[in-house]
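Structure first, then comments.
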Amino acid sequence: MAEQAQTGAPLHTDPLDNIPRTFLPFALPDIGDEEIRAVETCLRSGWVTTGPTTRRFEQEFRAYLGDDVEAISVNSATAGLHLALESVGVGPGDEVIVPTLTFTATAEVVRYLGARPVFVDVDPVTLNLSPAAIAAAITPRTRAVMPVHYAGLACDMDAILALAARHGLRVIEDAAHAFPTRLDGKLVGTLGSDITVFSFYANKTMTTGEGGMIVTRDAALAARMRCMRLHGISRDAFDRYTSRVPAWFYEVVAAGFKYNLTDIASAIGIEQLRKIDRFQQRRCWLAQRYDEGLAGLPLQLPAHPAFGSTHAWHLYVVRLHDGALIGRDELINALAERGIGTSVHFIPLHRQPYWRESCGLDPDAFPVAEASFATMLSLPLYTRMLDADQDRVITALHELLS
């Protein structure tokens, strides 16, 4: 089905176009025949774990970003964040500053290394990590800061990087939402932090099913993460098993992890990467239609990037204004009754039992995240979504909120 080309929307076809859509999911991966053929080719090749296809995926991802970065594939963004923190030397007794409005993976990887996550509040407009909150949380034990590019909008990285430089802190970007986000024309992943980690989970802007990619300009950090992602072994299995001469010898140089990405997943990733610009165009179009269709409702719409920057639009998060005719939970239920799926991003970590109790967190310390959580919901947004699907969502919100 051709989308409204006369209005500037990209042409888009969907194999499900002729199937009645009784329920609109919150997210849906966009997998086509190209990905299916690539996986079949991989399966028939006889090499299904980390091998030549994974190397090619890393090379193509690196080429997309440019700017002399190195790319290291992993089986999840969580694994990537763990490797990143380990490579910069975070360990017991250290503190790492993280936003409370994020998924638990951002904080849990700090615990993996025996360090302490220090939770801070977010900016009331962007919902990104607040530079002022970072500054207030720095102590002599602070080793790193982990900005999360919430929903696909870049954090104020100039301020964060300047603050980190003044205090000698490492910066690890959690860019799970942010491919391909740009800040002042530069892609996230090339902004000057120590390490950036992307996610290819099923609901992200591109997917490998499960998976992620680490990027860095630091060759020493890249070498450490490549070694640690596969048991701390000095040589890749691919090198050993494809050599034409005996190459069985290897050395275990560290107690590493099992974080490698398979060739099957990488085959999907290569095809998804080739479509990412079209995916991005479609997401921007859908976000623009939401902006226009929801104008005038008692909703705070998402923040937009400044001129020269772009939003990945992984999520489209709205917040109910005070005095709305319906509460957030009631609105979610009413939309579900109309066959529309939504989600909430996120239940702040200071509300989660483990973090609340182990870190002694008080909700009063996080007023922005608290107020935002009480009113926020994420609307359906995915590249296979038709304009007519989106119109259903907009119409339902007008019925429920007008």
Side-chain angles (χ1 to χ4, degrees), residues 78 80-150 153-178 183-184 188-189 191-197 214 216-218 221 346 348-352 354-373:
T78 306
L81 293 170
H82 184 198
L83 289 173
L85 289 175
E86 195 277 341
S87 74
V88 300
V90 169
D94 291 334
E95 295 177 349
V96 178
I97 296 172
V98 301
T100 186
L101 193 65
T102 186
F103 186 59
T104 189
T106 310
E108 73 187 34
V109 294
V110 180
R111 278 285 199 241
Y112 292 173
L113 295 162
R116 176 175 174 262
V118 175
F119 299 94
V120 299
D121 211 353
V122 293
D123 180 86
V125 176
T126 66
L127 300 180
N128 276 328
L129 189 60
S130 164
I134 296 172
I138 294 172
T139 75
R141 291 183 178 274
T142 306
R143 186 66 177 271
V145 57
M146 293 179 66
V148 176
H149 303 297
Y150 181 84
L153 179 67
C155 294
D156 184 352
M157 290 304 299
D158 288 343
I160 292 172
L161 290 169
L163 186 61
R166 286 199 300 273
H167 293 273
L169 306 180
R170 297 287 200 164
V171 178
I172 312 297
E173 294 175 71
D174 182 339
H177 298 181
L183 181 64
D184 296 328
V188 166
L191 300 180
S193 63
D194 293 282
I195 300 170
T196 304
V197 182
I214 310 167
T216 182
R217 289 193 186 91
D218 189 313
L221 295 181
F346 297 92
L349 295 186
H350 67 263
R351 282 177 160 258
Q352 297 292 355
Y354 173 76
W355 297 115
R356 183 182 67 237
E357 294 163 14
S358 67
C359 296
L361 301 178
D362 182 353
D364 291 341
F366 310 96
V368 176
E370 272 289 292
S372 299
F373 167 65

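Keep in mind that this is a model prediction, so the values were computed, not measured. Just the heavy atoms: all of them, side chains too, but no hydrogens, waters or symmetry mates, feed the values below.
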Full working for side chain to side chain contact (heavy atoms under 4.5 Å, CB included) between D174 and L81
CA-CA 7 Å; D174 182 339; L81 293 170; 3.7 Å; yes

Rounded to the nearest 0.5 Å, how far does [atom2] of [Y] lie from [atom1] of [X]?
X: L153; Y: L127; atom1: CG; atom2: CG; answer: 9.0 Å
X: D184; Y: M157; atom1: CG; atom2: CE; answer: 11.5 Å
X: S358; Y: R116; atom1: OG; atom2: CZ; answer: 9.5 Å
X: I97; Y: L129; atom1: CD1; atom2: CG; answer: 8.0 Å
X: C155; Y: Y150; atom1: SG; atom2: OH; answer: 12.0 Å
X: D121; Y: I134; atom1: CG; atom2: CD1; answer: 12.0 Å

[X] and [Y]: which non-hydrogen atoms are nearest, and at how many Å?
X: P124; Y: V368; result: CA-CG1, 3.5 Å
X: P99; Y: V148; result: CG-CG2, 3.7 Å
X: C359; Y: R111; result: SG-NH2, 3.7 Å
X: R141; Y: G93; result: NH1-O, 3.2 Å

I want to check something: taking the side chain as every heavy atom from C-beta on, are [X] and [Y] in contact at a cut-off of under 4.5 Å?
X: F119; Y: L349; answer: yes
X: V122; Y: S372; answer: no
X: E173; Y: V188; answer: yes
X: V109; Y: M146; answer: yes
X: I138; Y: L163; answer: yes
X: I172; Y: S193; answer: no
X: W355; Y: P117; answer: yes

Kindly say whether the aromatic ring centers of Y112 and H82 come within a distance under 6.0 Å.
yes

Taking atom CZ of F373 as the centre, does the number of heavy atoms from other residues, nucleotides or ligands within less than 6.0 Å exceed 12?
yes

Working note: T139 + E95, criterion side chain to side chain contact (heavy atoms under 4.5 Å, CB included); need CA distance, chi angles, decisive distance, verdict.
CA-CA 8 Å; T139 75; E95 295 177 349; 2.6 Å; yes

Closer than 3.5 angstrom, by distance alone: can the side chain of [X] be matched with the main-chain N or O of [Y] as a donor-acceptor pair?
X: N128; Y: D123; answer: no
X: R170; Y: R143; answer: no
X: R356; Y: R351; answer: yes
X: T100; Y: H350; answer: yes

Under the side chain to side chain contact (heavy atoms under 4.5 Å, CB included) criterion, do L191 and L183 qualify, and how do the steps go?
CA-CA 8 Å; L191 300 180; L183 181 64; 4.2 Å; yes

Taking L85 as the fixed residue, which of V197, D94, I195, V90 is the one that meets the side chain to side chain contact (heavy atoms under 4.5 Å, CB included) rule?
V90

